Structure formats: structure tokens, C-alpha cells
Engineer: 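Dropping the structure in here first, questions after.
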Amino acid sequence: MSFEHLPDGLGIGVPTPRLTWMLPPDAGAQEAYELELARDGRTDRTGRIASSDQLLVAWPGAPLASRERVTVRVRVWATEAGGPSDWSVPSVVEAGLFDAADWHALPVGADRDEDPAADRRPTRVRKDFELHGPVACARLYISAHGLYEAEINGRRVGDEVLAPGWTVYPHRLRYRIHDVTDLLAEGANTIGAWLGDGWYRGKYGFDGGTRNIYGTDQSLIAQLEVTYEDGTTASVATDRTWSAAPGPILTSGLYEGETFDARLHDPGWATPSGADAEEWTPVRTGSRDFGTLVAPMGPPVRCTEEVVPVLVTRTGDDRHLLDFGQNLVGRLCVTLDGAAGTAVTFRHAEVLEEGELATRPLREAYATDTLVLSGQGPLTWEPRFTLHGFRYVEVSGWTDDVTADMVTARVYHTDMRRTGWFECSDPLVNRLHENVVWSMRGNFVDIPTDCPQRDERLGWTGDIQVFAPTASYLYDCVGMLDSWLTDVGLEQLPDGTIPWYVPVIPGEPMWTPIHPGAAWGDVATLTPWTLYQRFGDLDLLRRHYPMAKKWVDLVEGLAGPTRLWNTGFQLGDWLDPAAPPDDPAAGRTDRYLVATAYFAYSARHLALMAAASGSGADAERYGELADEVADAFRHRYVLASGRMTSDSPTAYAVALAFDLLTPSQRQPAGDRLAQLVSEDDACIATGFVGTPLICDALTDTGHLDVAYRLLLQTQCPSWLYTVTMGATTIWERWDSLRPDGTLNPGGMTSFNHYALGAVADWLHRVVGGVTAIEPGYRKIAFHPRPGGGMTWARTRHETPYGTVSLSWEQTVNGLTASMVVPDGCEAIAQLPGCPPITLTPGAHVLNTAELATKAV
Ligand code: BGC
């Protein structure tokens, strides 16, 4: 049993959490269920409810009160298993704090003069307190202005980093609940927290960045609530009785890195005997509207893997170069034992240039950590409030040998459950897919970012708009993206404009004041729809509907009666390889063709959203609008000859993939697209807009072979070119590293941008052959389309209902496909050259030769 989209039920943020359960093995389809809620000493049952619903089922009882704990069980009646089943293992949901009045904490931080325009030394805060009896249960509700890492009695609370993450802080500041029962003891206790600047007041954003985006304070907000075994309670909250002191972290910034002076570190600082009274001085208290504190909707950022260097090279008397063999996002954990005052510096970069770290692409993100040793024996250290995108690290200031066992790269991202896998007979394609997974991991760090390494790392809306279908297959990212979309809605301007990146921060004049742009702003319509399709969450769709509608209404107004969106600043097919390195928007496709195509597509999706949400009038109105825009698109951008005004692959790809052409125009457009791709020798000629669409446009117009040629091309520019150049993540530019081994000279040259990896969605659906045709994969299409000389492929996805998988193999006797349909779902299998067949839950093996015999 799970609650909303959270991995566990502790700290749910809504009073009526929806419930999801899996059916017992081999149960078949659910016919009815019964829920049981145990709360407050009483047990309520719903009785048998005839329904096949098992995903995000409405809360069946009275709303939860703040802090309330309820134990929930389910039993089911199902077609194969009969019923009722045994009751499920009990699951506990515990409410967070729903009302501002539940909070009595105050933000607390250092009471000292600081220069808000300079780097400020981070603070630690602490408080000693007594507990007067054995503890039955304790909860810590915690957040910060800035970042925090808490300790109780010298032990770390939880394992998440960069908490409380990044939201539109004035409206939504996340807090998290920790069960800290085991960290407390009867008698003397201490709670403390390290603080960092983070997004709240650190320097952030490109072109030199901005400090103090949300405020100048750096404060902890914490409320520890203890229940003794005798039922009485106690509470310790941040208030003026806490103390503050500068810690051993001298400087810290998300981009800059961190400097830690171990000589200043007193490991017992958060224990009852740990406070040197002189150093610790009373805190300054601040204020906060506690109505803005919200519980998380998805998992936190955690370390998910540790990677050891594959190569350590001495490059000087006190210099080493580490190669981790994988471009990743995280930070080092090092163990060193040296003389007091020895300063060891770690600089990070994604690539090398002439054997040295290539730091130019990082722009003003210095990605440099420094550890000053204390001389007190071996020290294991990892920075706390920074993150880097890197494969290589230069270690300087250390004259002894650096050995692989002294250094580990710890990989960090939002700790989503992996749900999607793909593999095929082509090793280069497998590496490409692996690169997509790594780029998703590196850029799903609390919000979906463009890149993880340079002075940007922003929630660019266009990037996730094109990548969301891939992301939703690979990981259970719905909670995280739902949270971020909530912020997109909050940042939407009153006229409906969707910002280029969310959360919004000041940027260069090109982006501020904010103006509407196609493909980026369309995240408002297309991403909620993708999440609904993949995760089956209708409530999510409804909540984001007003944002989507305001966006389409805005564009309708901008287009006016012509229905053509042909005004204003547009990025068009951003990063078309034909665009000059310093002007990535100047691709070969008319930007207004792209804008109008997206207008039609968004209007169509708004109509679909309205229909799914039960708003028939809107469904009709926006359906008509979509027809009108498509009509205007055809008149303006399709010539009588069938060619398009921009005779470019992206123009045909959007027209086909967004279904903007008449039936008679489709085939000639597909043929022209295939011809253009072939004329380019199947090298890529598309950017952010065309790339995610082109393989589908070719597949759907009978040019599967050309789509495979595009996929399998290894010359620059192409997906596999990057792989042959040693890429371990998806690059921002097709030629971030050029064939001669030099870096692209453009100002934006990242080696970890997921957008162009959106082709993985085509790998999953077309090569692998698994598509959701009803929300949440309740109905699945198995439709593998082999090609490109591949002899086998397999893909697997953990749907909300259970595992779906398809594995196909070319044999001497045709193609054999093994498929698994989750309980509660149905599937239509369509193998090459065979008629569609309906499949019920369970495992199936079909062979094309046998099917052909049967058909005869
Ligand atoms: C980002 C992109 C983003 C683009 C928009 C870049 O700096 O890295 O991925 O979508 O700007 O112009």
C-alpha cells in the first residue's frame, strides 16, 4: 500500500491521501476491494466495494488531522484468485503539520554583522535540552532558510542532502519529518544543525549570479516533538534559547564548492558536552509565514551510488588527476591523514583538454573544494552544501600518493525508484541508453535542471517538456515533477506567461522580463498530460489544468484571429546543429512555424485534459481551437507542392508528430522527411524541438528504416557519434566535443543535458515496443518494430499496476516475443506483419511465423 506518490507514509502533506495497492500474485483482475482504517483505538471498514480501482483510490474516511497516524489495510476480490484475499500487510500513514498554528518554531541563525554582498561563513546552531523520562516516540519537523543538515546527540538525522530542496520559497518551503526516537535518550540531549546558503541566499544564476535571491538570513526552522512512554509530551523548537557559532566550513556555495578547516572542527559540537560556551552566542530569530510550509510530494536527494576512480595519475609534485570513468553528479568523499594545516584542493570537470581539466564550460561555477587537515589522525570528509558535475578531479596540495581507496565519488540525485530498463543487441545503443539514464540522474536533483555543472542548473521548462516521456519510463518521477509543476503554476505570470525556468531568478535581459516562448511554455500543457498518461493521476491533471488553460488562452490572444503565433522572441528548434555556436536559436526551421505547431498541439492537449477532467464545454472549445490552428498552420506553412516553407527535418517532424497535416499531406511529408534525412546521410539535423519527434515521424510514415539509420549513425552530428567519442552522458550540443577532439567554443557547452536524450522514449516504445494506451498503463500496446539489423531487444517497466515487459528476438522462424501483462491490465500485442491480439494479465510468448499460420 502506498500513499499519494511517496515512498512511505511518514509526513503526508494532504489530509485525504489517496491509496494505491498491488494485487496478490496471479490474482487476475480486481473485482472488488475493502479497506480498513485503524485510528485512535477504533477500526473502520468500508465493506466490499465493487470496483476495479487500485490506483490512487480516494481516502475512505474522515480527513487526517495534523500528526494523526492511521493504519490501513486492503483486501481484494479478483477474477483468478477469487476472494476475499488475506488482508494486506498493514501500512501506516502519518500526517504532517497542516496548519500554520501547528508550528511554534522561529527561524534562528547567527546574530552577527555580515556583508550580504560577500561570501559569508556558514553557521551552526545548537540547543541542549533535558528529557525527563523514557521516550516512546519522537518526530523532528525541520526546514531552513538556506540548507541544513541536522544532528542529534552527535548523530546525523536522516540521510538526505541539500534539504529542504528548491521550491518557490515565498510560497512553498518544504519541511521534512524524521522519526528521531532512536537518537534521543532520557536526560541530557543536544540538537544541532549545520547551515548553508544554498539557493536561498547563495550566489546563483548565470552572468555572475545573484545573491540573496530569497533573503539575507541563513536560519534553521525545527520543531522536535517527543512523546514519553507515559503519554506526556515535550517539545523543543528553534527559538531565542538556541545558540549559534561559525563552524569549520569557511565558505560554501552550490556552484563554488566548499572549504572546510578541520582544525576548527569539534566533532562533539552537537552532543551535551560539546559546547564551548564562549564560541556559542545567542541566536537572532527571524520570521516566517508558516502557512507556506509544505510537506514533500516526492523523495529527497540522497547518495544513490559510490564510484571509485578507474585511473589515478600523478601529474606533478603535489598534483594528481582522478578519472572516475563516468560523468556523474555528486561530490567526493576523501580519507586523508596529514599534517595540521595541509590544504588539499579538489577541482572538478566533466572533460579534459590537452590532459588538463576543461573548466571553461563551467563558466563561473568554480567547483572547487578544499580540505585543511587537522593533524589529528585520519579524517574522512565530504563537503555538505555543494554539488558538482564531473568525471575528472584534480587533487592538489597532497604530495604523497593518492590511491583509489582514499577517494570515492558519491552520486546524488532525487532518490526516485528506478522503473524502466532497455537493452538491445547493439552495444552502442545500450551505451546511449545508459547515458540517458545518467543524464537523468544528474539533472533530477530536487528540480529537473538543464545541466548540473556550470553556473546555471535551472529548471528550464523546455528541457523537461521534451524529456518527461523518457523520464517517466525510467524512474518514478511523478511526485518530484508534480511538486515542480506546482511551482511552475505559482511562477506563471497573471497573463498566463510561463517562465523559461522555474523557480525564477533574476537573469540577463534576454530572459527578464519574462516573455512567452513556444516549446518551453508548453510544459504547462504537455507535461501534466504525460504524467497523467504514465502514472494515471487524474487529480494531478485537474490541479494543473488552470495553468495549462491560462497558457493556451495567452497564446490564443497573442496569435489573434490569424491563429498563427508569429510574433515575439522564440528559441525555435534550439541547438539545431546548423545554428552557429553563438546563436543556437538560429536553426534552419522558421521559429514561428515551431511556435504555431506547439500552439496547436497544446490546444489539442488542453482539450484532452478537459475531456479527461469532465469539462465537456472546454473539451469542445479547445478541440475547435486546435483544429483552427492546425488549419492556419497548413495554410501558412505547407506549400501547394506539399513541401513546407521551412524545408527542414524539424518542420516535417513537428507537422507529422503533432498531427497537423491532412491525410493526403501526411505521406508526402513523411517521404520528404525521409529524403532529407537520407540526403544528410542520416546525420542529425534537428535541435531540441525536432529531435524528440523525428524518429516517430519517420516510423509513422513508413520510414522505420530511416529512423534506424538516424539512430545508428556514428558520424557527427548523431546520437552515437557522442558514444564513439567516449560520452558517458548526453551532451548539450551534438558536437560538445568536436571530431578533432577540441571543445565546442560556444558559451554553452555542457556534457550533461538530458534534452537530446529524449530519443530513449522512442527506444522504449518502438524498438522495445511498450506503450501506455490508457492512463497508468492500464491498457498497454506491445508493438515492437525491429530494424537496423538488431537481433533482439528487451524492455521492462514498473507500471503503477506492476511489471510490464517485452523481450523480442529474431529467430530463423520469425520473431519471438515474450511479454508480461501486469494484473489488472490488458494489452494489445501487434507483432510485425501480424494482426493485433488481445492479451490478459500474465506471461505470453508469441511467434510471428506461428501467428501467420494461424491467420491462414
Ligand atoms: C540551457 C538550456 C535551455 C536554454 C534555453 C540554456 O542555457 O542550458 O538547456 O533550455 O538555455 O535557451
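Just so it is clear, the model here is predicted, and its values are computed rather than measured. Hydrogens, waters and symmetry mates are skipped; everything else that's a heavy atom, side chains included, is used. Just so you know, ligand 1 is whichever comes first in the structure, and atom 1 is the first atom listed for that ligand.
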Engineer: Under 3.5 Å, N or O to N or O, is W574 touching ligand 1 that way?
Structural biologist: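 Between W574 and ligand 1 (N or O atoms, distance only) the closest approach is not under 3.5 Å.
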Engineer: So, do L352 and L357 sit near enough that their side-chain heavy atoms are less than 4.5 Å apart?
Structural biologist: yes
Engineer: Answer with side chain, backbone, both or neither: which part of F206 has a heavy atom less than 4.0 angstrom from an atom of ligand 1?
Structural biologist: neither
Engineer: Classify the ring geometry between W719 and W734 as parallel (under 30°), tilted (30 to 60°) or perpendicular (over 60°).
Structural biologist: perpendicular
Engineer: Would E456 count as a polar contact of ligand 1, with the cut-off being nitrogen or oxygen pairs under 3.5 Å?
Structural biologist: yes
Engineer: On a heavy-atom basis, which atom in G165 and which in R174 lie closest, and how many Å separate them?
Structural biologist: CA-NH1, 3.8 Å
Engineer: Hey, which atoms in ligand 1 end up nearer than 4.0 Å to a heavy atom of R454?
Structural biologist: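 This gives 1 (C), 6 (C), 7 (O), 8 (O) as the contact atoms.
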Engineer: Atoms of ligand 1 less than 4.0 Å from M748 heavy atoms?
Structural biologist: 6 (C), 7 (O)
Engineer: With heavy-atom distances below 4.0 Å as the criterion, list the atoms of ligand 1 near L571.
Structural biologist: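 Those of ligand 1 that fall under 4.0 Å from L571 are 5 (C), 12 (O).
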Engineer: For ligand 1, which part of W500 has a heavy atom less than 4.0 Å away: the side chain, the backbone, both, or neither?
Structural biologist: neither
Engineer: Ignoring hydrogens and geometry, is there a side-chain-to-backbone donor-acceptor pair from Y392 to E356 under 3.5 Å?
Structural biologist: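 No.
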Engineer: List every atom of ligand 1 that sits less than 4.0 Å from any heavy atom of D463, numbering the atoms from 1 in the order shown and giving each element.
Structural biologist: 2 (C), 3 (C), 9 (O), 10 (O)
Engineer: Short question: side chain of T525, backbone of L606 - any donor-acceptor pair under 3.5 Å?
Structural biologist: no
Engineer: Got a donor-acceptor contact below 3.5 angstrom from the H433 side chain to the V429 backbone?
Structural biologist: no
Engineer: Report the part of L458 in contact with ligand 1, treating N, CA, C, O as backbone and CB onward as side chain, heavy atoms under 4.0 Å; options are side chain, backbone, both, neither.
Structural biologist: neither
Engineer: Any atoms of ligand 1 less than 4.0 Å from a non-hydrogen atom of E732? List them with their elements.
Structural biologist: 8 (O)
Engineer: Number the atoms of ligand 1 from 1 as they appear, then name those within less than 4.0 Å of a heavy atom of H753, with their elements.
Structural biologist: 1 (C), 2 (C), 8 (O), 9 (O)
Engineer: Just wondering, do R384 and L147 contact through their side chains at under 4.5 Å, heavy atoms?
Structural biologist: no
Engineer: Is F688 near ligand 1, meaning one of its heavy atoms is under 4.0 Å from it?
Structural biologist: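 Yes.
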Engineer: Between Y204 and W166, what is the ring plane arrangement, given parallel below 30°, perpendicular above 60°, and tilted in between?
Structural biologist: perpendicular
